[in-house]
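Everything on this sheet refers to the single structure shown next.
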Amino acid sequence: MTIYRTHCCNELNLRNKNQKVKLSGWVNKKRDHGNLLFIDLRDHYGLTQCVVDKSKSIFKEIEKIPLETVLKIEGIVIEREKETVNESLETGEVEVRIENFEILGHTKELPLPVFSDQEYSEEIRLKYRFLDLRRKKIHNNIILRSKIISFIRTEMQKYGFLEYQTPILTSSSPEGARDFLVPSRLNPGKFYALPQAPQQFKQLIMVSGFDKYFQIAPCFRDEDARADRSPGEFYQLDLEMSFVEQEDVFKIVEELFVNLFKKFSSKKLLHEKFPRIPFDEAMLKYGSDKPDLRNPLEISDLTEIFKRDDVNFDIFKKLVSHGSIVRGIVTKNTSEKSRSFFDGIDKWAKEEGSSGLAYFSIEKSENLIAKGPVGKFFSEKSLKEIMKLMNASIGDTIFMSCGKKSEVEKLLYKARNKIANELNLIDDNVFSFCWVVDYPMFEFDENTKKIEFSHNPFSMPQGDTNNLDLSEPLKLKAFQYDIVCNGIELSSGAIRNHKPNLMYKLFEIAGYSKETVNDKFSGMINALSYGAPPHGGIAPGIDRIVMLLADEKNIREVTMFPMNQNAQDLMMNAPSEVDDNQLKELNISKRKN
RNA sequence: GGGGGUGUAGCUCAGUUGGUUAGAGCGAUCGCCUGUCACGCGAUAGGUCGAGGGUUCGAGUCCCUUCACUCCCGCCA
């Protein structure tokens with residue numbers, strides 16, 4: 001009890017009948033009958049209907065109070081007549097008869113309605129975020145976020161992890177995303193960088209002997225935004241463990257995620273032991289390293305089919321003879337679908353910038369036949385082979401794409417989603433987790449024509465690390481893994497390379513000299529030379545976890561004060577100009593051109 | 001950096017083939033109404049049709065430029 005309230009707006013019920021109470025909150029809604037006025041008073045906790053009629057001298061005054069004014073109301077708890085009880089309200093059995101009131105906070109005319117389910121422009125929402133956040137849905141999302149983070153902390157501590165803070169001002173690193181830079185006043189011409197993740201620090205924590213670390217860690221990356229990617233900053237559940245291998249990390253994370261998702265969602269988990277899918281298999285079967293396993297469609301390679309003499313699909317055959325590949329998706333029992341369905345898919349594929357998706361359905365009269373625009377090019381024997389390869393039956397349809405490997409993968413990844421959505425094959429009431437494992441250590445960058453780290457340069461390569469064959473670096477796999485849920489990448493992690501000599505060799509393959517490594521990763525490489533334990537970890541994205549659990553498509557819906565797509569805070573006017581004096585002190589001058 | 005969508009009253013939107021004075025709901029203001037819970041009824045105010053330019057007898061509507069918001073590609077180890 002405070003001078004402002006004896007109860008919160010969700011608390012009153014019949015047990016409080018006839019009590020004199022004080023409530024404080026916002027005017028959510030008024031229903032003015034002229035001689036009788038209802039006010040729904042709202043606070044963080046709930047809603048209470050308050051009522052006053054013209055017999056009270058304050059009636060005329062209270063009638064004029066606009067919505068979203070902050071009021072303190074004093075009154076008596078009254079039992080509602082049976083027929084006026086509001087079942088949908090926690091406090092719906094009672095109402096407060098207003099005896100007195102005080103305006104605690106006036107409001108100007110509102111730029112947006114708080115009591116409304118209608119959508120309104122992102123610009124208004126972000127500028128008046130404090131009003132937007134009063135609305136029920138987003139208010140509850142933010143509460144959910146808090147509860148999720150709190151649950152994670154408790155669980156992690158239960159598993160024996162301790163939370164440690166790491167610096168926000170650190171050094172720029174050459175790998176990865178663009179850094180946010182902070183000029184140093186005391187070191188003219190030098191810059192700090194905000195951490196893209198506490199990657200090096202968490203490994204240093206392991207070298208320091210702390211064994212199990214976690215942190216709800218802010219991460220800063222100066223890259224462009226997406227619906228599921230905040231510009232600038234986001235949060236990770238960063239964790240790292242010593243004396244573990246990959247499966248030990250998986251065990252902890254699976255337990256955490258299963259408990260977390262069971263607690264905060266009524267949706268079912270498709271697997272409680274998450275499937276492990278090798279990267280190469282994921283790229284083949286799903287066209288992506290973030291497969292949505294709710295989707296039953298799978299991709300198969302059909303390139304060999306187009307080398308047969310009894311297949312006359314010349315366009316594909318010609319491309320295949322020049323090194324292209326063919327892959328396809330089979331859909332079950334779709335041969336009776338309308339022509340417009342198939343043409344719609346083909347048209348969609350062309351809009352995606354491809355040359356389209358060839359298709360035929362398998363039917364049987366006397367013999368097996370392929371029905372569809374390209375069906376005539378396939379012999380019965382070749383059809384049997386395709387059916388065997390793709391596990392297809394009579395009545396099924398085969399969609400095919402031909403081209404460069406990366407293009408085919410990309411198109412069929414999208415086509416898998418498109419076709420599954422058209423056929424309504426995805427169960428929206430399910431969470432489907434999986435691990436993608438065995439990532440390649442390196443990849444070939446077509447643009448720079450150089451070998452680069454495909455993920456994290458600190459990952460441990462697979463194989464005999466004391467005697468590793470580095471002659472074919474593109475064939476090297478790493479103990480590098482991703483966790484994926486419903487097609488959304490939640491996190492990357494790895495068993496780290498704690499052997500400095502091996503690390504120098506790997507960096508050399510990616511074009512970094514020993515001197516560069518010493519210079520750019522001095523903290524890390526130095527530490528690894530003084531008795532580093534084997535260690536590994538992962539860093540699931542908090543924002544995306546909350547998005548999944550809140551069933552939201554946009555990260556702003558689970559972020560209290562987000563920036564817009566251009567990385568501006570419309571409420572605080574950030575970024576902003578600064579005084580010339582500030583710049584001078586920092587030894588910075590603006591370029592004039 | 002590139003592509004798509006949107007922009008009309010404080011908010012959400014409609015606006016036909018280019019044609020008279022640009023409309024509705026919510027909100028605001030005023031009036032009526034004692035059981036509503038999206039209360040109801042009536043009235044009033046409120047518009048640089050994102051901005052600039054062009055075509056036309058005439059532009060919210062067509063064209064060009066530009067700005068803002070948003071979605072996607074690039075980017076995000």
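Each chain gets a letter, A, B and so on, in the order the sequences are listed, and its residues count up from 1.
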Query raised in the report: Between A:D32 (CG) and B:C41 (P), how many Å, whole number?
Result: 14 Å
Query raised in the report: Which of the following nucleotides, B:C76, B:C69, B:G35, is nearest to the side chain of A:H33?
Result: B:G35
Query raised in the report: What nucleic acid atoms does A:S454 come within less than 4.0 Å of, heavy atoms only: base, sugar-phosphate, or nothing?
Result: sugar-phosphate
Query raised in the report: Checking all strands, does A:N554 fall into the base, sugar-phosphate, or nothing category for heavy-atom contacts under 4.0 angstrom?
Result: sugar-phosphate
Query raised in the report: So what's B:C41 paired with, Watson-Crick or G-U wobble, going by both distances under 3.5 Å?
Result: B:G31
Query raised in the report: Taking only side-chain nitrogens and oxygens of A:R178, does any of them come within less than 4.0 Å of OP1 or OP2 of B:G74?
Result: no
Query raised in the report: Do A:E552 and A:R145 meet the salt-bridge criterion of a basic N to acidic O distance under 4.0 Å?
Result: no
**Report entry** Sub-4.0 Å heavy-atom contacts from residues 504-511 of chain A onto RNA chain B, ordered by number
**Finding:** none
Query raised in the report: With a 3.5 Å cut-off and just heavy-atom distances, do the side chain of A:R229 and the base of B:C76 make a donor-acceptor pair?
Result: yes
Requested in this report: Rounded off to whole Å, could you give me the CG-to-P distance for the A:L41 and B:U36 pair?
Outcome: 21 Å
Query raised in the report: For A:Q49, which contact category applies under a 4.0 Å heavy-atom criterion: base, sugar-phosphate, or nothing?
Result: base
**Report entry** Partner of A:D228 by salt bridge (charged side-chain N to carboxylate O under 4.0 Å, His left out), out of A:K553, A:K290, A:R556, A:R544
**Finding:** A:R544
Requested in this report: Report the base-pairing partner of B:U20 (Watson-Crick or G-U wobble, both distances below 3.5 angstrom), or none.
Outcome: none
Query raised in the report: Base, sugar-phosphate, or nothing: which does A:F38 touch, judged by heavy atoms less than 4.0 Å apart?
Result: base
**Report entry** Polar side-chain atom of A:S459 near backbone of A:N456 as donor-acceptor pair, under 3.5 Å
**Finding:** yes
Between the protein and nucleotides 24-26 of chain B, are there any N/O to N/O pairs under 3.5 Å, and if so, what are the atom names and distances?
none

Query raised in the report: Heavy atoms under 4.0 Å, any strand shown: does A:E452 hit a base, just sugar-phosphate, or nothing?
Result: nothing
Query raised in the report: Whole Å only: how far is the CD1 atom of A:I124 from the P atom of B:A9?
Result: 11 Å
Query raised in the report: Touch check for A:E109, heavy atoms < 4.0 angstrom, all strands: base, sugar-phosphate only, or nothing?
Result: base
Query raised in the report: Base, sugar-phosphate alone, or nothing: which one does A:S121 contact when heavy atoms must sit under 4.0 Å apart?
Result: sugar-phosphate
Query raised in the report: In whole Å, what is the span from the CG atom of A:L37 to the P atom of B:C32?
Result: 15 Å
Query raised in the report: Would you call A:K17-A:E79 a salt bridge at under 4.0 Å N-O?
Result: yes
Report task. Could you state the atom-to-atom distance from NZ of A:K64 to P of B:G27 in whole Å? Result -> 16 Å
Query raised in the report: Which nucleotide, in any strand shown, forms a Watson-Crick or G-U wobble pair with B:G1, with both distances under 3.5 Å?
Result: B:C73
Query raised in the report: So what does A:D222 touch, heavy atoms closer than 4.0 Å: a base, only the sugar-phosphate, or nothing?
Result: nothing
**Report entry** Residues A:E281, A:R276: salt bridge by 4.0 Å N-O rule
**Finding:** no
Query raised in the report: Sub-3.5 Å donor-acceptor pair from the side chain of A:S116 to the main-chain atoms of A:P113, do we have one?
Result: no
Query - Watson-Crick or G-U counterpart of B:G25, or none if no pair lies under 3.5 Å - result: B:C11
Query raised in the report: Is it true that the NZ or CZ of A:K514 lies under 6.0 Å from the centre of A:Y504's six-membered ring and within 45 degrees of the ring axis?
Result: yes
Query raised in the report: Salt-bridged, A:K477 to A:D280, with N to O below 4.0 Å?
Result: yes
Query raised in the report: Within less than 4.0 Å of OP1 or OP2 of B:G74, is there a side-chain N or O belonging to A:K410?
Result: yes
Query raised in the report: Can you check whether A:N566 has a side-chain N or O nearer than 4.0 Å to OP1 or OP2 of B:A68?
Result: no
Query raised in the report: Thinking salt bridges, do A:K30 and A:E63 make one under a 4.0 Å N-O criterion?
Result: no
Query raised in the report: Please give, in whole Å, the distance from B:G74 P to A:R226 CZ?
Result: 7 Å
Query raised in the report: A:Y481 pairs by ring pair (Phe, Tyr, Trp, His ring centres under 6.0 Å) with which of A:F279, A:Y439, A:F250?
Result: A:F250
Query raised in the report: Which is true for A:D117 with a 4.0 Å heavy-atom rule: it touches a base, it touches only sugar-phosphate, or it touches nothing?
Result: nothing
Query raised in the report: Does A:N526 use its side chain to pair, donor to acceptor, with the backbone of A:S522 at less than 3.5 Å?
Result: no
Requested in this report: Identify whether any heavy atom of A:R125 sits under 4.0 Å from a base atom; if not, whether one sits that close to sugar-phosphate; answer base, sugar-phosphate or nothing.
Outcome: nothing
Query - Mate of B:G46 where both pairing distances stay under 3.5 Å, Watson-Crick or G-U - result: none
Requested in this report: Measure from CD on A:E63 to P on B:C39 and round the result to the nearest Å.
Outcome: 15 Å
Query raised in the report: Below 4.0 angstrom, N of the basic side chain to O of the carboxylate: do A:E99 and A:R97 qualify?
Result: yes
Requested in this report: Give A:L47 one of three labels, base, sugar-phosphate or nothing, depending on what nucleic acid heavy atoms sit under 4.0 Å from its own.
Outcome: nothing
Report task. Mind calculating the distance between CG (A:L89) and P (B:G35) to the nearest angstrom? Result -> 20 Å
Report task. Spell out yes or no: do the side chain of A:R80 and the base of B:C37 have one donor N/O and one acceptor N/O closer than 3.5 Å? Result -> yes
Query raised in the report: Which part of the nucleic acid, if any, lies within contact of A:E87, taking any heavy atom under 4.0 Å across all strands shown: a base, the sugar-phosphate backbone alone, or nothing?
Result: nothing
Requested in this report: State whether the side chain of A:T559 and the backbone N or O of A:F561 hold a donor-acceptor pair below 3.5 Å, judged by distance alone.
Outcome: no
**Report entry** Selected nucleotide, minimal atom distance to A:Q565 side chain, candidates B:C69, B:U70, B:G1
**Finding:** B:U70
Query raised in the report: Would you say B:C39 has OP1 or OP2 under 4.0 Å from some side-chain N or O of A:R31?
Result: yes
Query raised in the report: Mind checking who B:A68 pairs with, Watson-Crick or G-U wobble, both distances under 3.5 Å?
Result: B:U6
Report task. Look at A:N28 and B:C37 and indicate whether a side-chain polar atom (N or O) is within less than 4.0 Å of OP1 or OP2. Result -> no
